[in-house]
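These values consider heavy atoms only, across backbone and side chains, with no hydrogens, waters or symmetry-generated copies.
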Amino acid sequence: MALHILVVRATGSGEEYRSHHVAELVATEVETLLDWGQEDLGLLAGSKWAEVALACKADIEQEFSELQEVIGDFLARHNIGLTEFLWAQKILISRMVQFAMADGSLLCVLGLGQDMFNHSPDAPCGNDDVNLEASERTGDQLLVIRAYRDFQAGEQAFYSYSAASNGRLLMNAGFVSGALYEGLARGLDAGLQRPGCAVVAEDARPEFLELLPADRELHEEASQASLHVRLGARGAPPAQLERVLAFLRLGRLCCGGGAPSQEALARSDADAGARRGALAQLQASLSSLLQGYPASLEQDEERLPAIEAEAAAAAAGSGARRRAAALRVVAGEKRTLRATLQTVGAMLEQA
């Protein structure tokens with residue numbers, strides 16, 4: 001898709017609506033974390049999003065290097081260099097919509113007009129705003145956008161970009177919301193995760209497993225897993241925490257390298273000591289994440305009003321805007337981690 005966009009941009013060929021669409025994309029300023037340098041990303045110290053941005057950019061650069069080896073003449077003929085390729089990938093990251101298909105595949109769509117809608121935290125978060133639907137007349141797949149309320153003629157219409165964290169919004173769309181609470185997905189050291197593995201996955205599910213790559217030097221199989229937990233403003237709900245605790249108990253049972261028996265799993269589920277151990281491990285993981293930030297939440301909150309006032313008077317893409325956005329991300333993550341720690345602490349007292 002990135003190459004298709006760049007070829008249309010370079011030649012103006014193809015259907016008229018495609019050329020018009022790409023011309024609109026070229027004229028629209030888009031900034032995401034891929035535009036931030038090392039110094040700017042340092043503002044996100046402690047948050048996973050600095051790692052995510054660097055890893056994403058490195059992947060794009062590696063992909064372009066491989067393309068140069070295979071279709072270098074084609075790229076040169078259409079004036080496609082690394083800068084242009086990064087721009088096209090940024091467009092896709094910020095504007096593309098993915099649909100889960102019945103066969104388990106993903107359909108990636110960059111829809112003319114759909115990609116110009118902005119996000120609103122007031123719009124309901126659900127699955128009814130943007131959909132693929134079959135035309136009753138022709139049977140063709142149509143990209144359908146439904147308004148969540150009546151909009152007046154000439155009024156800007158919005159929909160929700162999902163319940164994304166401020167970090168994810170900043171990474172993918174280049175902005176943050178006004179909420180200081182943060183939904184975040186972080187990897188938890190559950191006894192199955194190899195130390196030193198960067199956590200770069202992001203997903204909208206409450207929690208999900210990521211199979212870690214095998215260590216080729218040690219000839220290992222890809223049998224280690226990292227659990228990512230998406231936390232909300234009021235801490236994790238009880239059902240989610242119970243699933244996390246089950247994963248942590250499983251991690252302890254797997255420390256010997258073998259798979260536990262059904263009997264061992266049943267005993268662990270009913271063992272109050274195993275529950276307390278899992279709660280203590282979760283508490284330690286959350287505390288470690290919170291201690292990974294260079295400044296406290298109180299320091300962030302004290303600095304935020306002045307930094308946001310400076311950002312309000314600054315141009316888009318300026319250092320002031322980036323400082324304010326980064327501070328909202330890390331402050332929101334700290335609030336969320338604190339709320340979850342309070343919940344886990346109360347559970348540990350009752351265990």
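You'll find the side chain of Met1 reaches within 4.5 Å of the side chain of Leu110, heavy atoms only. Under the 4.5 Å side-chain criterion, counting only non-hydrogen atoms from C-beta, Trp87 is in contact with Val26. A 4.5 Å side-chain heavy-atom check between Arg146 and Glu133 finds at least one atom pair inside the cut-off. With a 4.5 Å cut-off on side-chain heavy atoms, Val330 and Asp300 count as touching.
For Asn172, the side chain to side chain contact (heavy atoms under 4.5 Å, CB included) test picks out Ile93, Arg168, with sequence neighbours left out. Under the side chain to side chain donor-acceptor pair (under 3.5 Å) criterion, Arg276 pairs with no residue at all, not counting sequence neighbours.
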message: Before you tell me yes or no, could you show the steps for Thr83 and Leu86 under side-chain contact (heavy atoms from CB on, under 4.5 Å), namely the whole-Å CA-CA distance, both residues' side-chain angles and the distance that decides it to 0.1 Å?
response: CA-CA 5 Å; Thr83 299; Leu86 279 167; 5.9 Å; no
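Between Phe151 and Tyr148, the ring-plane angle classifies as perpendicular under the 30° and 60° cut-offs.
Inspection of the Glu16 and His20 side chains reveals no N or O donor paired with an N or O acceptor under 3.5 Å.
Heavy atoms from other residues, nucleotides or ligands lying under 6.0 Å from CD of Glu29 number 12 at most.
A donor-acceptor distance shorter than 3.5 angstrom exists from the side chain of Glu155 to the backbone of Gln152, with no hydrogens or angles considered. For Arg249 (side chain) and Leu265 (main-chain N/O), no donor-acceptor pair under 3.5 Å exists by modelled atom type.
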Please tabulate, for side-chain N and O atoms in residues 53-71, each donor-acceptor pair with protein atoms closer than 3.5 Å (sequence neighbours left out).
| from | atom 1 | to | atom 2 | distance (Å) |
| --- | --- | --- | --- | --- |
| Gln62 | NE2 | Glu66 | OE2 | 3.0 |

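For the side chain to side chain donor-acceptor pair (under 3.5 Å) criterion with Glu308, the lone passing option out of Arg321, Arg303, Arg328 is Arg328.
We find that Arg323 and Glu310 are joined by a salt bridge, their nearest charged nitrogen and carboxylate oxygen being less than 4.0 Å apart.
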